[in-house]
Amino acid sequence: MNLQRVKELKLAHPFRAVYLLLVDGQRVFVEAPESVGIAPDGSRMGVSTPQGDIVILTPDKVKDLDVIPAPLQAAELYMGAATSVVYTQS
């Protein structure tokens, strides 16, 4: 996988947490934009996990991404502004 999509997600505002789905079936959780770093040449990236581990990955180890849907804002729920929600993944 090209790490460009990971870079786009890292720079997105607002940031949405994401799971990196690896070719060996494991998942690596990216909790915040500052927890992932990508080499300038795109040859590898490092992820600091919530457990305190550092995972170094090359693009060929990442099969896909699973973006976590953004939660509804508490104020919207309280005010009744949100009546239905549809999540789409591009």
Side-chain angles (χ1 to χ4, degrees):
M1 155 176 251
N2 184 317
L3 297 183
Q4 182 61 31
R5 179 74 176 125
V6 176
K7 186 175 183 178
E8 291 168 2
L9 290 170
K10 175 184 169 64
L11 299 175
H13 292 283
F15 175 79
R16 289 174 36 195
V18 62
Y19 280 101
L20 304 174
L21 307 176
L22 307 184
V23 295
D24 66 2
Q26 294 186 63
R27 301 184 321 163
V28 177
F29 186 58
V30 179
E31 183 176 30
E34 56 273 1
S35 64
V36 65
I38 301 170
D41 65 359
S43 63
R44 63 198 172 285
M45 71 175 156
V47 179
S48 172
T49 69
Q51 296 80 18
D53 298 321
I54 303 287
V55 180
I56 306 297
L57 297 167
T58 55
D60 62 318
K61 301 295 183 193
V62 181
K63 178 175 66 173
D64 203 358
L65 304 171
D66 186 12
V67 179
I68 309 300
L72 291 175
Q73 297 296 316
E76 291 176 335
L77 290 173
Y78 179 75
M79 300 300 290
T83 55
S84 65
V85 178
V86 176
Y87 293 112
T88 60
Q89 189 170 354
S90 54

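Just so we're clear, the structure is a prediction, and the values are computed from it rather than from any experiment.
The CZ atom of F15 lies 6.0 Å from the OG atom of S35; values are rounded to the nearest 0.5 Å. Here CG of L20 is found 9.0 Å from CG of L3. Values are rounded to the nearest 0.5 Å. The CG atom of L65 lies 10.0 Å from the CD atom of E8; values are rounded to the nearest 0.5 Å. Atom CG of D66 is separated from atom NZ of K63 by 11.0 Å, given to the nearest 0.5 angstrom. Atom CE in M1 sits 5.5 Å away from atom CG in D64 (nearest 0.5 Å). Atoms OG and CG, from S43 and L57 in turn, are 12.0 Å apart once rounded to the nearest 0.5 Å.
Summarising the geometry of I56 relative to G46, their closest heavy-atom pair is CD1-CA, 3.9 Å, with the distance given to 0.1 Å.
In this structure, the side chain of K10 engages the main chain of V36 through a donor-acceptor pair within 3.5 Å. Side chain of R27 to main chain of L21: no donor-acceptor pair is present (N/O by atom type, distance under 3.5 Å, no hydrogens or angles).
Side-chain atoms of M45 and V62, non-hydrogen and from C-beta on, do get closer than 4.5 Å to each other. With contacts defined as side-chain heavy-atom distances shorter than 4.5 Å, the pair R16/I68 does not qualify. The side-chain heavy atoms of V6 and I38, taken from C-beta on, include a pair separated by under 4.5 Å.
By the side chain to side chain contact (heavy atoms under 4.5 Å, CB included) test, D24 pairs with L22, Q26, sequence neighbours left out.
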